[in-house]
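Here the structure comes first, spelled out in structure tokens, and everything after it is commentary.
Counting convention: from 1, in listed order, for ligands and their atoms alike. Note that this is a predicted model, so its numbers are computed, not measured.
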Amino acid sequence: MNRFALKLSTSLVALGLLAGGLAGGPAAAAQDVEVLHWWTSGGEAAALNVLKEDLEGKGVGWQDMPVAGGGGEQAMTVLRARVTAGNAPTAVQMLGFDIQDWAQEGALADLNALAASENWDKVVPAALQRFAKHEGKWISAPVNVHSTNWVWANKKIFDELEIAQPTSWDELVAALTKIKAAGYTAVAHGGQAWQDATIFDAVVMSVGGPELYKAAFVDLDPKALGGAEMKEAFDRMATLRGFVDDNFSGRDWNLASAMVIEGKAGVQFMGDWAKGEFLKAGLQPDQDFLCFRFPGTQGTVTFNSDQFAMFSVGDDRRDAQVKLASSIMAPSFQSAFNVVKGSVPARTDVSDADFDACGKKGMKELAAASDSGKLFGSMAHGHAAPASVKNAIYDVVTAHFNGEYDAATAAEELINAVEAAQ
Ligand code: GAL
């Protein structure tokens, strides 16, 4: 079995799908949409409800296909099995290059008629269209823009220890040292490859700015992947490793958020879906928690965009699919959904009036980064390089984080892994 097939079958067994068959639930009725997604945490489920209710109001039923696992790796494995079995869902939550891969396979529907009548070309930022369109055809509906270079901090702990928001790497290390010395877990982290990689996105940006980030993760330049700055990035990852608790391995991201929410940990480095957990717990930005950019990355934004890729379905299911896409793109929905999710709208014409302080900051910084050329797709979340390369980087970052490689070896391994993945 090759690596992919092996991974596929073990994950499917883990998910209980081989035994249960691949057909999923009862066949979707014509006025239902069947949607595969990985939004299973409290905050994510609350946001998804906004969409379900919106559709119910339009007479469209929702058949839920949740596949737990942040970042969506398991969801993509289940999807592959469903499509292979000739049973594609109506729509699938998907990130960046994965959308283009499925479009390339000819599996996605053509949304051009709807897109033209609703003017999507004018209102969706180019950075998202790059993934939502394939060979001139709209194939998916972007529901949000998340960014990955955020810090979520417990304000009470910061106040108690008189810590100011750190703005540089050295200030961050000083703050974490203080938090640890006071008996808290300094960094709430879940040791899963995609979470390690989410931190790595920010750390690489903090070391070498946009030049290093782009050269390494977009251009896949061996000099950047294995150079002195990358070694420094791995050194910083090792420093951060010294601030996580003993039980970090395998922990889900939302449980790490809960450690900050409950005042057990000082900070979490995570995309702004973490804010959804803080809000769900009834916490307020600036009052109970702080959101600020990973120190040393101010002015730059690494983003990902959750999109609903629309699969080619029979004519009988097409009407419900088009209604789903249209609902997702409606400005009022984009505001209502993203206020809950922690992300910001995937359209440039949505007011920030209903967003909290972190949301307003996120929208402003996204627009500014886009204008100044400092907006980059997140490597960890499939928006910088295709899945094969992303997974190769994951392997090295996680092996290093768990002490398998020193920094110099990791930087070297990064060159080899990325080369082998192309
Ligand atoms: C990301 C996704 C977010 C959030 C997160 C954790 O890949 O873009 O919406 O769901 O995974 O599950």
Side-chain angles (χ1 to χ4, degrees), residues 35-51 64-79 91-99 101 127-128 131-132 140-150 152 188-202 250-258 260-261 268-280 291 301-309 328 334 337-346 358-359 362 366 376-387 390-391 393-394:
V35 184
L36 193 154
H37 64 88
W38 64 91
W39 283 338
T40 54
S41 78
E44 291 173 328
L48 198 62
N49 260 334
V50 179
L51 180 56
D64 209 30
M65 276 207 67
V67 182
E73 213 184 334
Q74 284 95 321
M76 291 304 102
T77 306
V78 171
L79 172 65
V92 178
Q93 178 193 355
M94 217 181 268
L95 298 173
F97 280 86
D98 290 340
I99 306 170
D101 286 349
L128 305 194
F131 298 108
S140 74
V143 67
N144 66 17
V145 185
H146 271 301
S147 67
T148 58
N149 56 324
W150 285 108
W152 306 93
H189 179 57
Q192 296 173 347
W194 74 270
Q195 294 189 57
D196 300 340
T198 299
I199 300 184
F200 196 58
D201 265 359
R251 175 187 288 134
D252 287 332
W253 68 273
N254 52 315
L255 301 181
S257 304
V260 179
I261 290 169
Q268 180 184 23
F269 307 122
M270 189 45 68
D272 39 18
W273 47 89
K275 191 184 80 177
E277 300 305 303
F278 285 80
L279 299 181
K280 186 87 196 342
C291 56
V301 171
T302 49
F303 81 96
N304 70 333
S305 165
D306 292 301
Q307 306 206 11
F308 282 92
I328 289 170
Q334 291 258 338
F337 174 89
N338 286 303
V339 159
V340 179
K341 183 69 170 71
S343 36
V344 304
C358 295
L366 178 71
F376 295 91
S378 156
M379 176 280 295
H381 294 269
H383 281 68
K390 178 189 83 173
N391 290 331
I393 298 176
Y394 276 17

Would you say the ring centroid of Phe308 lies under 6.0 angstrom from that of Trp39? yes
Compute the ring centroids of Phe97 and His383, then answer whether they are less than 6.0 Å apart. no
Take the angle between the ring planes of Trp194 and Trp273 and call it parallel below 30°, perpendicular above 60°, tilted in between. tilted
Check the side chains of Asn304 and His146 for a donor-acceptor pair under 3.5 angstrom, ignoring hydrogens and angles. no
What residues form a salt bridge (charged side-chain N to carboxylate O under 4.0 Å, His left out) with Asp252, not counting sequence neighbours? none
Qualifying residue, where the test is side chain to side chain contact (heavy atoms under 4.5 Å, CB included) with His37 and the options are Val92, Val67, Asp64: Asp64
Looking at [X], which atoms of ligand 1 are within less than 4.0 Å of one of its heavy atoms?
X	value
Leu95	7 (O), 8 (O)
His146	3 (C), 8 (O), 9 (O)
His381	1 (C), 7 (O)

Looking only at non-hydrogen atoms, which of Asp306, Asn254, Asn144 approaches atom 2 (C) of ligand 1 most closely? Asp306
Have a look at Gln195, His37, Lys341 and point out the one with the heavy atom closest to atom 3 (C) of ligand 1. Lys341
Is ligand 1 less than 4.0 angstrom away from at least one heavy atom of Gly71? yes
Looking at atom 10 (O) of ligand 1, what's its closest protein heavy atom, distance included? Glu44 OE2, 2.4 Å
